[in-house]
Enquirer: 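Below are the structure tokens for one structure; questions will follow.
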Amino acid sequence: MNSTELLSMIREGRPMTLGQQMSLTLRLSVPAIMAQLSSIMMQYIDASMVGSLGASASASIGLVSTTTWLFGGTCTAAATGFTVQVAHTLGSGDLRRARAILRQALVTIGLFGLLWGATGVAISGHLPAWLGGDESIRRDASLYFLIYACFLPVFQMYILGGGMLRCSGNMRVPSLLSILMCLLDVVFNFFLIFPTREAEWLGRRIVLPGAGWGVEGAALGTGLAELVAMAIMLYYLFNRSKDLRLKGERGSFRPRRRALLDAVRIGLPMGVEHGVICGAQIMTTVIVAPLGIIAIAANSFGITAESLCYMPGYGIADAATTLVGQSYGAGRRDLTRRFAYITVAMGMVIMGVMGALMYVGAPWIIGTMTPDADVLALGVKVLRIEAFAEPMFAAAIVAYSVFVGMGKTIVPCVMNFFSIWAVRITLAALLAPSMGLRGVWLAMCVELCFRGLIFLVRLGWVFRKKG
């Protein structure tokens, strides 16, 4: 059976064997993992290309990276408020209402993306100073964030389109477009970051054209790649999606009270939670900034490198949201519980293996992003600290998405808020003066283990409560 046939078993109330549940989980997880990996590869490519320009260029991106996560994560939360509704509606078999919610989401989320992007443009000139960045990197950091904010409406619609396809069970198209976006990012960066230069090819000297825009070129290259991928994503959603195709169907795009209230109920806690978490990450940046340019650059590279490890967890989390959302919408509580346990266990195993590989390969991973020996040495140390937290980090990531699929976001958001602010920030502030960047990452490792533990406890309690 393919994924569509297996998903139809959920909607139609037919029994599923454990083998079929595992098969469907893998079929949805693998493309989602590839999509997440290609997404983080874009950051890895940017870091590697910009890293060749020196520590200052890397630090200028690293300074604003937590703020870009804040803005991007808020876009994801806004879109999720509608995609979870569509997953529940598809699970109940009401395709007409699912398409009505999609139309309302296009207008509402489109306007949100424009307003959020305008907010980013407005603060871009002041942001590096607010974060305590060194004078030498403020200009590049400001321009990088300005360009990022200009493309934020594009990113918002890309996230919405991909989320809608994934919640319908189509993981293949978003995954392929993520890979395409990654490849386009390489091409655009190649011509925008570096100046015109000569190279040898097949024994001949050739001239490679380039704009030489450095950090700003990296931001523009990513934005253009997102633009192309977004256009293809929406075209497919409107014209080719089996469950959500809007072509040939008439209906209102006017947002309705019920859909908006449900979107706020689901998405607002996620947005607030992501805001406070990213606020804590920004606070971490403020703690790291006084440690110097080497520490900022090593912190930025370490975060990018670690992302290669935890992005498979987010891919499985995407599958968990779809599987749990459709099972929950179909009223199949036993199947909801089994998919929750399967996806959480799978995430912990895969990220545990990735953590071990990250520990062993840390020198090579960081070394591909920077030629600076001091940045390399510090980056390897902090990355190896974090490797021990990966299985429990997976538990937190996937369990959170299980709760999102059920539309229950308030308590998990409070748990994330408490964990990161009470544990991570407190420990980081205490350890940074004596241990430097290693103390900040040790605090992160302890907090991720604590967060995974409380999410596992919460997961077991919720399903025991429901019998």
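These numbers come from the heavy atoms of this one structure, side chains and all, not from hydrogens, waters or symmetry mates.
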Enquirer: Of the non-hydrogen atoms in Met171 and Asp318, which two are nearest, and what is the gap between them?
Expert: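 Minimum heavy-atom separation between Met171 and Asp318: CE-O, 3.9 Å.
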Enquirer: Please determine whether the number of non-hydrogen atoms from other residues, nucleotides or ligands lying under 6.0 Å from atom CZ of Arg458 exceeds 12.
Expert: yes
Enquirer: Identify the heavy atoms of Pro363 and Leu376 that sit nearest to each other, and give their distance.
Expert: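 Minimum heavy-atom separation between Pro363 and Leu376: O-CD1, 3.6 Å.
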Enquirer: If only side-chain N and O atoms count, and only distance matters, is there a donor-acceptor pair under 3.5 Å linking Ser178 with Tyr158?
Expert: yes
Enquirer: List the steps, then state whether side-chain contact (heavy atoms from CB on, under 4.5 Å) holds for Met157 with Leu160.
Expert: CA-CA 5 Å; Met157 297 307 293; Leu160 178 65; 4.1 Å; yes
Enquirer: Looking at Thr322 and Arg166, would you say the former's side chain and the latter's main chain have a donor-acceptor pair under 3.5 Å?
Expert: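 Pair found, side chain donor or acceptor close to backbone of Arg166.
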Enquirer: Please check: side-chain N/O of Glu447 versus main-chain N/O of Trp421, any donor-acceptor pairing under 3.5 Å?
Expert: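 Flag not set: sc Glu447 to bb Trp421 has no pair under 3.5 Å.
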Enquirer: Within a strict 4.5 Å, meaning less than it, do heavy atoms of the Val402 and Phe339 side chains meet?
Expert: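 Val402 does not reach Phe339 side chain to side chain.
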Enquirer: Let's go through Leu260 and Thr108 carefully: what are the C-alpha distance in whole Å and the side-chain angles of both, what is the deciding distance for side-chain contact (heavy atoms from CB on, under 4.5 Å) to 0.1 Å, and is it a yes or a no?
Expert: CA-CA 8 Å; Leu260 289 177; Thr108 306; 3.7 Å; yes
Enquirer: What do you reckon, are the aromatic ring centroids of Phe71 and Phe145 less than 6.0 Å apart?
Expert: yes
Enquirer: Measure from the side-chain N and O atoms of Arg265 to the backbone N and O of Gly407, and report whether any donor-acceptor pair falls under 3.5 Å.
Expert: yes
Enquirer: Asn299 side chain to Gly302 main-chain N or O, any donor-acceptor pair under 3.5 Å?
Expert: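 Side chain of Asn299 to backbone of Gly302: no pair is present.
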Enquirer: Compare all side-chain heavy atoms of Thr74 with those of Phe112 and state whether any distance is below 4.5 angstrom.
Expert: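 Side-chain contact under 4.5 Å: yes.
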Enquirer: Quick one: does any side-chain atom of Thr426 pair with a main-chain N or O of Val423 as donor and acceptor, under 3.5 Å?
Expert: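 No: the side chain of Thr426 does not pair with the backbone of Val423.
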Enquirer: What distance do Leu106 atom CG and Leu237 atom CG have between them, rounded to the nearest 0.5 Å?
Expert: 7.0 Å
Enquirer: Considering all heavy atoms of both residues, which atom of Val324 and which atom of Gly405 are nearest to each other, and what is their separation?
Expert: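 So the minimum-distance heavy-atom pair works out to CG1-C, 4.1 Å.
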Enquirer: Treating Ser60 as the side-chain partner and Asp140 as the backbone partner, does any N or O pair qualify as donor plus acceptor under 3.5 Å?
Expert: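 Here the side-chain-to-backbone pair does not exist.
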Enquirer: Which class fits the ring pair Tyr328 and His88: parallel under 30°, tilted 30 to 60°, perpendicular over 60°?
Expert: tilted
Enquirer: Would you mind reporting whether Leu184 and Leu224 have side-chain heavy atoms less than 4.5 Å apart?
Expert: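 A side-chain contact is absent here, since even the closest heavy-atom pair is not under 4.5 Å.
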Enquirer: State whether the side chain of Ser419 and the backbone N or O of Met415 hold a donor-acceptor pair below 3.5 Å, judged by distance alone.
Expert: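 Pair absent, no side-chain N/O of Ser419 close to backbone of Met415.
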Enquirer: Looking only at heavy atoms, what is the nearest atom pair of Ala320 and Thr343, with distance?
Expert: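 Scanning both residues, the minimum pair turns out to be CB-OG1, 3.7 Å.
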Enquirer: Should Leu220 and Phe151 count as side-chain neighbours, where that means a heavy-atom distance under 4.5 Å?
Expert: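 In short, these two side chains touch, coming nearer than 4.5 Å.
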Enquirer: Would Leu24 and Met16 satisfy side-chain contact (heavy atoms from CB on, under 4.5 Å), going step by step from the backbone distance to the final call?
Expert: CA-CA 10 Å; Leu24 180 56; Met16 298 183 71; 4.2 Å; yes
Enquirer: Are the side chains of Gln21 and Leu335 in contact, using a 4.5 Å heavy-atom criterion?
Expert: yes
Enquirer: Any chance you could lay out the ring-ring contact (aromatic ring centres under 6.0 Å, His included) test for Phe388 and Tyr359, step after step, and finish with the verdict?
Expert: CA-CA 8 Å; Phe388 293 96; Tyr359 186 93; 5.8 Å; yes
Enquirer: Between Ile193 and Glu216, is there a side-chain heavy-atom distance shorter than 4.5 Å?
Expert: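 They are not in side-chain contact.
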Enquirer: Nearest 0.5 Å, what's the SG-CD distance between Cys445 and Glu390?
Expert: 8.5 Å
Enquirer: With Arg97, which residues qualify under side chain to side chain contact (heavy atoms under 4.5 Å, CB included), at least two apart?
Expert: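 Testing Arg97 for side chain to side chain contact (heavy atoms under 4.5 Å, CB included), a comparison that skips the adjacent residues, returns Gln85, Thr89, Asp94, Ile101, Arg258.
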Enquirer: Taking Glu386 for the side chain and Val382 for the main chain, is one N or O donor matched with an acceptor at less than 3.5 Å?
Expert: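 No; judged by distance alone, with no hydrogens or angles, the pair does not exist.
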Enquirer: For the CG atom of Leu323 and the OG atom of Ser401, what is their distance to the nearest 0.5 Å?
Expert: 11.5 Å
Enquirer: To the closest 0.5 Å, what do you measure between CD1 (Ile159) and OG1 (Thr83)?
Expert: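 Going from CD1 on Ile159 over to OG1 on Thr83, the span is 10.0 Å.
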Enquirer: Between Phe455 and Asn416, which heavy-atom pair has the shortest distance, and what is it?
Expert: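 Of all heavy-atom pairs spanning Phe455 and Asn416, the closest is CE1-OD1, 3.3 Å.
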Enquirer: Please name all residues satisfying ring-ring contact (aromatic ring centres under 6.0 Å, His included) with Phe393, sequence neighbours left out, ordered by chain then number.
Expert: Tyr310
Enquirer: Which atoms form the tightest heavy-atom contact between Ala141 and Pro128, and what is the distance?
Expert: CB-CG, 3.8 Å
Enquirer: Are Leu442 and Leu427 close enough that some pair of their side-chain heavy atoms sits under 4.5 Å apart?
Expert: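 They are not in contact (no side-chain heavy atoms under 4.5 Å apart), so the answer is no.
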Enquirer: More than 12 foreign heavy atoms under 6.0 Å from CD1 of Ile410: is that the case here?
Expert: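 Counting neighbours around CD1 of Ile410, 12 or fewer heavy atoms of other residues, nucleotides or ligands fall under 6.0 Å, so no.
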Enquirer: Quick one: CD1 on Ile454 to CE on Met392, what's the gap to the nearest 0.5 Å?
Expert: 9.5 Å
Enquirer: I'd like to check Met348 versus Val344 (side-chain heavy atoms, cut-off strictly below 4.5 Å). Are they in contact?
Expert: yes
Enquirer: Find the distance between CZ (Phe301) and CG (Leu378) and round it off to the nearest 0.5 Å.
Expert: 11.5 Å
Enquirer: Go through the steps to decide whether Ile397 and Tyr314 satisfy the test side-chain contact (heavy atoms from CB on, under 4.5 Å), and finish with yes or no.
Expert: CA-CA 7 Å; Ile397 291 170; Tyr314 279 105; 3.6 Å; yes
